[in-house]
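Notes to accompany the following structure.
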Amino acid sequence: MRLGPRSVAALVLVSLMGIAAFGWPLLADSASGLAHSKDAPWLFAALLPLLLAVVAATIADTGLDAKAIAMLGVLAAAGAALRPLGAGTAGIEPMFFLMVLSGRVLGPGFGFVLGSVSMFASALLTGGVGPWMPFQMLAMGWVSMGAGLLPGPDRLRGRREVLLLAGYGALASLCYGTVMNLQGWPYIGSLATGVSFVPGAPLPENLTRFIAYCLTTSLGWDVPRAIVTITATLTLGPTILKALRRATRRAAFDAPVEFRNG
């Protein structure tokens, strides 16, 4: 499912909003209120209509019908159901591989919406609703969108495609943890001096502190998440990719029924 101009515009808009939401504390002065708990409700309120805009733009550009939307809902429910299996313990999060495979098949537009909606549904299932939730929705949306932007969607098949997706899944798993660290790091004030955020400090200094924070706090979760994603993609990827492609063809690309006179 290729991107059209409206889909590109919608994805660029929501991604720019997400980048600003994650990164603004790095550029804030020392007098700013830095807790994302204050801006998270506004981000969530802005994110929902933008998700609908991405869906509408993708439908307008590709002509997808209600069956494709229903398949999106089924995949989001499956992703939400997978997340509690590991509950994030030691980075065991099996939903990542499904988001990567689905984004590859559905394309970047629907992939972004799938990742965001799956994370929202899983938060409701696990009771994980909090100021971090809209940031998780954005980050997971980027994970699935990136899979849809990988090269060779129409030509690359078989073992090479699975290896590509496994490598991307590992990288995306690490990047997801890093981006989510950026959400929580600015307002955790009880950290050691060498890794804590300093409002108003020069950007290079805070970036150095942020790298140290990631290495000392989350790497133990991010690496296992990457390993689980690689393992699941290599073992289950070929079967799930075939099933998703078969379902997508039936949902979106059936030829319309035509009635002709004798």
Side-chain angles (χ1 to χ4, degrees), residues 1-23 40 43-65 68-80 82-83 93 95-124 132-151 153 164-165 168-169 171-180 182-183 229 233 240-241 244-245 247-248 251-252:
M1 303 181 188
R2 293 183 175 86
L3 284 175
R6 284 165 288 201
S7 301
V8 171
L11 286 172
V12 168
L13 178 60
V14 71
S15 294
L16 288 176
M17 183 195 73
I19 292 171
F22 275 105
L43 175 61
F44 183 68
L47 181 58
L48 290 182
L50 286 175
L51 287 177
L52 294 176
V54 173
V55 174
T58 304
I59 292 173
D61 287 336
T62 62
L64 300 179
D65 58 14
I69 303 296
M71 186 177 69
L72 181 69
V74 170
L75 289 173
L82 280 175
R83 191 181 182 207
E93 297 182 79
M95 75 177 296
F96 272 76
F97 93 97
L98 180 61
M99 296 298 100
V100 170
L101 298 179
S102 300
R104 172 68 168 179
V105 174
L106 291 172
F110 263 44
F112 182 86
V113 177
L114 172 63
S116 299
V117 173
S118 298
M119 189 59 73
F120 174 71
S122 70
L124 297 181
W132 53 84
M133 187 183 68
F135 296 92
Q136 289 178 328
M137 292 171 63
L138 280 166
M140 186 59 76
W142 286 332
V143 168
S144 295
M145 181 179 72
L149 293 172
L150 291 174
L164 173 66
L165 293 176
Y168 170 78
L171 179 62
S173 297
L174 296 172
C175 290
Y176 174 88
T178 302
V179 169
M180 286 307 302
L182 190 58
Q183 175 265 328
T229 303
T233 302
I240 293 180
L241 284 172
L244 287 174
R245 287 188 169 118
T248 301

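Not measured: the values here are computed from a predicted model.
Side chains of Ser118 and Met95 form a contact here, defined as non-hydrogen atoms less than 4.5 Å apart. Using a 4.5 Å heavy-atom cutoff, the side chains of Val8 and Val12 are in contact. Using a 4.5 Å heavy-atom cutoff, the side chains of Leu98 and Leu82 are in contact. Proximity of Gln183 to Gln136: side-chain heavy atoms (C-beta onward) are nowhere separated by under 4.5 Å.
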Derivation of the side-chain contact (heavy atoms from CB on, under 4.5 Å) call for Ile240 and Val105: CA-CA 10 Å; Ile240 293 180; Val105 174; over 6 Å; no

Working for side-chain contact (heavy atoms from CB on, under 4.5 Å), residues Leu106 and Leu244: CA-CA 8 Å; Leu106 291 172; Leu244 287 174; over 6 Å; no

Trace of the side-chain contact (heavy atoms from CB on, under 4.5 Å) decision for Val14 with Leu138: CA-CA 9 Å; Val14 71; Leu138 280 166; 4.2 Å; yes

Working for side-chain contact (heavy atoms from CB on, under 4.5 Å), residues Val100 and Thr233: CA-CA 9 Å; Val100 170; Thr233 302; 5.5 Å; no

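When all heavy atoms of Val179 and Ala139 are compared, the closest pair comes out as CG1-CB, 4.4 Å. Closest of all the heavy-atom pairs between Ala247 and Met71 is CB-SD, 3.6 Å. Minimum interatomic distance between Ser102 and Leu114 (heavy atoms only, all atoms of both residues): CB-CD2, 3.2 Å. Looking at every heavy atom in both residues, Gly115 comes nearest to Ser144 through CA-OG, 3.8 Å. Across all their heavy atoms, Gly79 and Met99 have their closest contact at CA-CE, 3.9 Å. Contact record, Gly141 with Ser116: CA-OG, 3.8 Å, taken as the closest heavy-atom pair.
Here Leu165 contributes atom CG and Leu150 contributes atom CG; the two are 6.5 Å apart, rounded to the nearest 0.5 Å. Rounding to the nearest 0.5 Å places CE of Met145 at 15.0 Å from CZ of Phe110. Note that the CE atom of Met140 and the CE atom of Met180 stand 10.0 Å from one another [nearest 0.5 Å].
Residues passing the ring-ring contact (aromatic ring centres under 6.0 Å, His included) test with Phe97: none are found, sequence neighbours excluded. Among residues two or more places apart in sequence or in another chain, the side-chain hydrogen bond (donor to acceptor under 3.5 Å, both in side chains) test is passed with Ser173 by Thr229.
Of the possible donor and acceptor atoms, one in the side chain of Tyr168 sits under 3.5 Å from a partner among the backbone N and O of Val143. No donor-acceptor distance shorter than 3.5 angstrom exists from the side chain of Ser122 to the backbone of Ala80, with no hydrogens or angles considered.
The salt bridge (charged side-chain N to carboxylate O under 4.0 Å, His left out) contacts involving residues 101-118 comprise Arg104-Glu161, where partners must be two or more places apart or lie in separate chains.
Using bins of under 30°, 30° to 60° and over 60° for the plane-to-plane angle, the ring pair Phe96/Tyr176 lands in the perpendicular bin.
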